[in-house]
Number of protein chains: 2
Amino acid sequence: MLLLGAASALVDGINAGIRARGFTDLRPAHGFAFVRLAPSGATVVELAEHLGVTKQAASQMADELVRKGYVARRPHPSDARARLLTLTERGWACTRAADEAASEVLRPWADALGADQVAAVRAALSALTVPGRIRPTW
Amino acid sequence: MLLLGAASALVDGINAGIRARGFTDLRPAHGFAFVRLAPSGATVVELAEHLGVTKQAASQMADELVRKGYVARRPHPSDARARLLTLTERGWACTRAADEAASEVLRPWADALGADQVAAVRAALSALTVPGRIRPTW
DNA sequence: CGAAATGGTCAACCAGCTTGACCGCCGTGT
DNA sequence: ACACGGCGGTCAAGCTGGTTGACCATTTCG
């Protein structure tokens, strides 16, 4: 119940922090896409699976991110059908900004609770969430 | 990050539990409405504020819930402009089903963590979430 | 080498929410 | 009393972001 409130506050806080840093044309859903693309890129279907939407929706979103300069569509190194979506320099800058914003949101929580309590909560939650899927829209 | 995963798992679990109990025509967003209506009813604008949407959207949702038999539109006792939205017996039955479903989701978590840890997490989170607003759609 | 499976796109459609306009009741001021 | 601004609620139109369905190119397997 209040788990939802905390999650909502976190997402809103990160989104506000990103906007404050100049990335005003992104929604929280885009952040979930960045999470999947950051490590080493991904294909459209991988992105779709990660976001829990159809591949068409993921492709549309990729279009938007390419148009706004956050993502590049490169040929896939080992499959001529596929295209590898990777972050551009602008995309990486936004990812760093998101990390900063997340730290800003978490800092007052850590101050209020104490480092050991925060660690305990993190450990408790990580012991639970088996799937790790994220559903941005209910 | 994994806070979101836990929240998502909770919502999905409750939704699945409700469907398993025969309420197949409801979405998670409806549950958030029930939370506001349960104590003593609410007006459309109060519901809209609670859900973070416009009053038109809240009114539409109220229409749907009335049509499906979960909510009744009664005249407001002290304001002829307003109408008081209250839960029907079917609405209350669904609320009870949701509570059961929530317990089912939480039980394995409590088993895995221990009661004291769960209490600590609850206390930690409740110390943080000042606003208590819920944004079902990002 | 041919058939089924996979990655991707195009097109049409739909649900849920928004903006804008409007009606009826409240409540305060003069 | 009563006129007028404010508030609760609905109607109508439009948009955004998603879905379903069809299709092409390439890969993979029998």
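Protein chains get the first letters and strands the later ones, always in sequence-line order, with residue 1 at the start of each. Fair warning: this is a prediction, and the values are worked out from it, not measured in the lab. When reading the values below, keep in mind they use all heavy atoms of this one structure, side chains included, and skip hydrogens, waters and symmetry mates.
When each of A:A57 and B:Q56 is assigned the nucleotide of DNA chain D with its nearest heavy atom, B:Q56 is the one assigned upstream, toward the 5' end.
With sequence neighbours excluded, the residues forming a side-chain contact (heavy atoms from CB on, under 4.5 Å) with B:D63 are B:R73, listed by chain and number. Looking at residues two or more places apart in sequence or on another chain, you find a side-chain contact (heavy atoms from CB on, under 4.5 Å) between A:S103 and A:R107. In this structure A:R90 satisfies the salt bridge (Lys or Arg N to Asp or Glu O under 4.0 Å) test with no other residue, sequence neighbours excluded. For A:A20, the side-chain contact (heavy atoms from CB on, under 4.5 Å) criterion is met by no residue, not counting sequence neighbours. Under the rule for a side chain to side chain donor-acceptor pair (under 3.5 Å), the partners of B:R81 that lie at least two apart in sequence or sit in another chain are B:D79. In this view, B:R21 and B:E100, B:E104 satisfy the salt bridge (Lys or Arg N to Asp or Glu O under 4.0 Å) rule, not counting sequence neighbours.
OP1 and OP2 of D:dG8 both lie 4.0 Å or more from every side-chain N or O belonging to B:R73. Between B:S59 and D:dT10 there is a side-chain N or O to OP1 or OP2 distance below 4.0 Å. Taking 4.0 angstrom as the limit, B:T54 places none of its side-chain polar atoms (N or O) nearer than this to OP1 or OP2 of C:dC17.
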>> Go through it in stages, so that I can follow the logic: the residues are A:M61 and A:L51, the test is side-chain contact (heavy atoms from CB on, under 4.5 Å), and I'd like the CA-CA distance, side-chain angles, deciding distance and then a yes or no.
In response: CA-CA 11 Å; A:M61 187 178 200; A:L51 296 176; 3.7 Å; yes
> Yes or no on side-chain contact (heavy atoms from CB on, under 4.5 Å) for B:L37 and B:Y70, after CA distance, side-chain angles and deciding distance?
Replying inline: CA-CA 11 Å; B:L37 298 183; B:Y70 294 99; over 6 Å; no
> Is there a side-chain contact (heavy atoms from CB on, under 4.5 Å) between B:D12 and B:V105 once you walk through the steps?
Replying inline: CA-CA 10 Å; B:D12 286 349; B:V105 174; over 6 Å; no
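When rounded to the nearest whole Å, the span between CD of B:E64 and C1' of C:dA15 equals 10 Å. Protein atom CG of B:L65 is 14 Å distant from nucleotide atom C1' of C:dG16, rounded to whole Å. Between A:R27 atom CZ and D:dC15 atom P there is a gap of 17 Å when expressed in whole angstrom units. Across the protein-nucleic acid pair, A:R67 atom CZ and C:dT9 atom P stand 14 Å apart, rounded to whole Å. One can place CD of A:Q60 at 13 Å from P of D:dT20, the figure rounded to the nearest angstrom. Between the CG atom of A:L47 and the P atom of C:dT9 there is a distance of 11 Å, rounded to whole Å. Rounding to whole angstrom units, CG of residue B:L26 and P of C:dG16 are separated by 12 Å. Taking atom CE of A:M61 as the reference point, atom C1' of D:dT16 lies 13 Å away to the nearest angstrom.
In the set D:dT19, C:dA21, D:dG9, D:dG9 carries the atom at the smallest distance from any side-chain atom of B:V44. Distance from the side chain of A:K55 is smallest to C:dG8 among C:dA11, C:dG8, C:dT19.
Nucleic acid contact for A:T43: sugar-phosphate only, since backbone atoms but no base atoms lie under 4.0 Å from a heavy atom of the residue.
No hydrogens or angles were tested; on distance alone, nothing pairs the side chain of A:E46 with the base of C:dG7 as donor and acceptor under 3.5 Å.
Listed in residue order, the members of residues 76-88 of chain B having a heavy atom less than 4.0 Å from DNA chain C are B:D79, B:A80, B:R81.
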Please tabulate, one pair per line, each protein N/O and nucleotide N/O from nucleotides 2-4 of chain D that are separated by under 3.5 Å, including the distance.
none

Donor-acceptor pairs are to be reported for all side-chain atoms of residues 38-48 of chain B against protein atoms at under 3.5 Å, with residues two or more places apart or in another chain.
from  : atom 1 : to    : atom 2 : distance (Å)
B:T43 : OG1    : B:E46 : N      : 3.3
B:E46 : OE1    : B:T43 : N      : 2.9

